[in-house]
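Have a look at the structure below before the remarks.
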Amino acid sequence: MLDRKFIVENSEAVKRNCRDRGVAADVDRFLALEGLRRERQAEVENLNRRANEVSKSIGQAKDATEREARKEEGRQLRERTGQLRAELDALAAEQEAIHRWIPNMSHPDAPRGRDDQANREVGRGKTPLPEFDFEPLDHVELAERLDLIDFAGGARVAGHGFYFLKNEAVLLELALQRYALGLLIGEGFTPMTTPDLASNQILEGTGYIPRGPETQIYSIENQNLSLIATAEITLGGLLAGQTVDAEALPLKLCGVSHCFRTEAGAHGKESRGLFRVHQFTKVEMFAFTLPDDSEAMLEYLRELECRLFDGLAIPYRVVDTATGDLGGPAYRKYDLEAWLPGRGGFGEVTSTSNCTDYQARRLNARFKVKGEKGTRFVHTLNGTAIAISRALIAVLENHQQADGSVAIPEPLRAVVGKDVIEPRK
RNA sequence: GGAGAGGUGGCAGAGUGGUCUAAUGCGCGGGUUUGCUAAACCCGUGAGCCUGUAAAGGGCUCCGCAGGUUCGAAUCCUGUCCUCUCCGCCA
């Protein structure tokens, strides 16, 4: 969420930003409600003050008659307060609903535009696009020939969008995790495995909406829990309701978790193979920073993502995400899009966002500077280190060879235990 | 899953219906004393929101969370979450 005062004081900029992001939030109604709400609140507080005074005087009443009279006065005050309080709650609820719809502000350099067509390419990886002297296969075909993935089995067991990894693919999953963790630990990130479920309150705090028709989230029946769509949810939730010392920041975490996504409404598009699946494993980077440090941290997270994919010798481009494609919480977002020979195009493999204080305000995650009065909200950032399913596509398709084998990128060889995945006899 | 105990400020811990405006200690900040350090002593020390000032000040809310009873709740009642102990089950 944005700061209420900020919205009031910068209403034109907020409205413009909503337009840039393609969000139809009724900012004018929000502003009107802010005035009404404050008015009501002042009345409620005033009545509360008087009721408190009356209550206090009862203990010191001289006789029973006076006591009863004061009680009656208190009763009436409390009754009136209750009515006003109900009105206040209704106003606050309506305002809150609009408030939640208003997206984060956008970085001035983020390209303005309705959707990903407006994304701006800002860089390329070190690895040039591959030139095959044979017709490259897509990962589904490759996995079939090398016996690496059982899509039919996954569908039988859990439905379309689920899969079994087999043979070297299993080791590749472990190797990719180990590779990412090794680099990140070296950079001072604290490695963590996280719960694969989180309470709905934490989901909402990080900007994910459990339940509802458009939800990307699987919910657990009769429980206030959902399967997480990313470890961003659990890692961000770590500081929910907490206040940390400013000296403890930045906090750099990397979380390994499974990710579950319903992909509601996404059927048909990119639904072949591993690209859009209901479950995958991911190593996620997450950072809590001081407000002044978040922009530099975003560049750092992007640089780490580049290093990871350069290390795998996978060609990619980096895009600065357009306003209309940023979602709710992000202030600025970079995506890495790997070259995927199977489709002859780029496909998103990682994404890193600076959410400034937008998530922190919902989560109520604060920091305190020693000696200063009060607290402020931290900034949160997240970035994919390695999403296994999509990284697997990129590895298989880019490193396929004429004889049908796949060369394993150097950093993964030790864990996989071989240099090349050969076709099975 | 069952039974019991408990959740109070940065921490420990008192408080079972009305000066709780939350004791006390530790910690932390400032000061006095002092060659330096330490000790001792003194003063201060939560957060959010509203209002408002030159600085200030004033008010409301917060004792896990949500309800309820009452003129009044940290305190009584209900629900819920979490922690601990024991039992059962179990990788």
Side-chain angles (χ1 to χ4, degrees), chain A residues 1-9 30-96 99-100 193-205 210 219-226 233-234 237-249 251 258 291 357-378:
Chain A
M1 287 188 287
L2 294 177
D3 180 43
R4 277 212 313 266
K5 268 190 215 148
F6 177 88
I7 298 172
V8 171
E9 287 163 10
F30 177 93
L31 297 172
L33 285 166
E34 178 70 8
L36 292 170
R37 197 185 54 77
R38 284 196 187 191
E39 208 174 290
R40 269 291 171 285
Q41 178 163 335
E43 292 175 43
V44 167
E45 288 185 1
N46 197 35
L47 281 172
N48 263 342
R49 181 177 54 75
R50 283 165 57 195
N52 286 343
E53 284 166 7
V54 169
S55 292
K56 229 169 262 184
S57 75
I58 289 174
Q60 293 142 16
K62 293 184 177 52
D63 55 58
T65 317
E66 188 189 335
R67 199 187 325 271
E68 281 312 313
R70 299 244 114 189
K71 276 193 184 182
E72 182 52 31
E73 188 183 354
R75 254 192 292 273
Q76 284 177 12
L77 279 170
R78 299 278 175 189
E79 197 183 327
R80 180 78 189 117
T81 309
Q83 291 167 4
L84 284 176
R85 161 65 69 184
E87 292 176 29
L88 174 63
D89 288 347
L91 289 171
E94 187 187 349
Q95 191 189 24
E96 160 94 5
H99 198 174
R100 300 174 60 91
T193 61
T194 93
D196 284 342
L197 289 86
S199 76
N200 292 334
Q201 193 187 329
I202 297 296
L203 278 277
E204 285 160 20
S219 291
I220 305 297
E221 201 173 0
N222 298 326
Q223 301 235 254
N224 189 32
L225 288 170
S226 297
I233 292 167
T234 43
L238 261 184
L239 286 195
Q242 304 288 304
T243 303
V244 298
D245 286 336
E247 297 99 83
L249 300 173
L251 224 52
H258 293 115
D357 60 2
Y358 190 88
Q359 286 178 324
R361 187 168 288 107
R362 261 191 212 178
L363 289 167
N364 193 23
R366 300 162 176 273
F367 70 92
K368 175 165 182 61
V369 178
K370 213 171 246 166
E372 270 184 25
K373 196 99 178 126
T375 58
R376 295 169 64 198
F377 292 108
V378 300

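All chains are named by letter (A, B, ...) in the order of the sequence lines, taking the proteins before the strands, and each is independently numbered beginning at 1. In what follows, every heavy atom counts, from backbone to side chain, and hydrogens, waters and symmetry copies are set aside.
Between the P atoms of B:G68 and B:G15, the separation comes to 29 Å (whole Å). One C1' atom belongs to B:G4, the other to B:C60, and the distance between them is 39 Å to the nearest Å. For the P atoms, the distance linking B:U16 with B:G6 amounts to 14 Å, nearest Å. Taking atom P on both B:A14 and B:A3, the two are 27 Å apart, rounded to the nearest angstrom. The C1' atoms of B:U75 and B:A22 are separated by 12 Å, rounded to the nearest whole Å. With C1' as the reference atom, B:U85 and B:C49 are 41 Å apart, rounded to whole Å. When the C1' atom is used for both B:U33 and B:A39, the distance is 11 Å, rounded to whole Å. Nucleotides B:G64 and B:U53 place their C1' atoms 38 Å apart, quoted to the nearest Å.
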Next item on the list: Sugar-phosphate means primed atoms, P, OP1 and OP2; the rest is base. With that split, encode nucleotides 44-51 of chain B 5' to 3' as B, S or - using protein heavy atoms under 4.0 Å.
Entry: ---SSSSS
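The main-chain N or O of A:H258 is found under 3.5 Å from a side-chain atom of A:D196 such that the two form a donor-acceptor pair. Looking only at distances, no side-chain donor or acceptor of A:R70 sits under 3.5 Å from a matching main-chain atom of A:V54. In terms of modelled atom types and a separation under 3.5 Å, the side chain of A:H99 and the main chain of A:L2 share a donor-acceptor contact.
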Next item on the list: Go through A:R100 and A:E96 one step at a time and tell me if the salt bridge (charged side-chain N to carboxylate O under 4.0 Å, His left out) criterion holds.
Entry: CA-CA 6 Å; A:R100 300 174 60 91; A:E96 160 94 5; 3.6 Å; yes
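Pairing for B:U21 is absent, judged as Watson-Crick or G-U wobble with the two contacts each under 3.5 Å. When Watson-Crick and G-U wobble pairs are counted only if both distances are under 3.5 Å, B:U53 pairs with no nucleotide at all. With a cut-off of 3.5 Å on both pairing distances, the Watson-Crick or G-U wobble partner of B:G79 is B:C65. The pairing partner recorded for B:G72 is none, the criterion being a Watson-Crick or G-U wobble arrangement whose two distances lie under 3.5 angstrom. Pair check for B:G88 finds none; no Watson-Crick or G-U wobble contact set falls under 3.5 Å. Pairing for B:U34 is absent, with no Watson-Crick or G-U wobble pair whose two atom distances lie under 3.5 Å. The partner of B:U45 is B:G27, judged by Watson-Crick or G-U wobble contacts that both fall below 3.5 Å.
Here B:G72 presents its C1' atom at 10 Å from NZ of A:K71, a figure rounded to the nearest Å. Spacing between atom NZ of A:K56 and atom P of B:A73 amounts to 12 Å, rounded to whole angstrom units. Taking atom CD on A:Q242 and atom P on B:G64, their separation rounds to 16 Å, with Å as the unit. One interatomic measurement links the two molecules: CG of A:N364 to C1' of B:C62, which rounds to 12 Å at whole-angstrom precision. Atom CG in A:N46 sits about 12 Å away from atom P in B:U61, given to the nearest Å.
Of all nucleotides listed (B:G59, B:U61, B:C71), B:C71 comes nearest to the side chain of A:S55.
Where A:R78 and A:R85 each meet RNA chain B at their nearest nucleotide, the meeting point lying more 5' is that of A:R85.
Residues meeting the salt bridge (charged side-chain N to carboxylate O under 4.0 Å, His left out) test with A:R50, sequence neighbours left out: none.
In terms of heavy atoms, A:T234 sits closest to A:A198 at CG2-CB, 4.2 Å.
Salt bridge A:E204/A:R362: absent, no basic N to carboxylate O contact under 4.0 Å.
From A:S199, atom OG reaches atom CD1 of A:I220 across 12.5 Å, with rounding to the nearest 0.5 Å.
When the side-chain nitrogen and oxygen atoms of A:R75 are compared with OP1 and OP2 of B:U70, none of them lie within a distance under 4.0 Å.
Residue contacts for A:N52: at a heavy-atom cut-off of 4.0 Å it reaches the sugar-phosphate backbone alone, with no base atom in range.
Each side chain to side chain donor-acceptor pair (under 3.5 Å) pair with one or both residues in residues 81-92 of chain A, not counting sequence neighbours, appears once here: A:R40-A:E87, A:R80-A:Q83.
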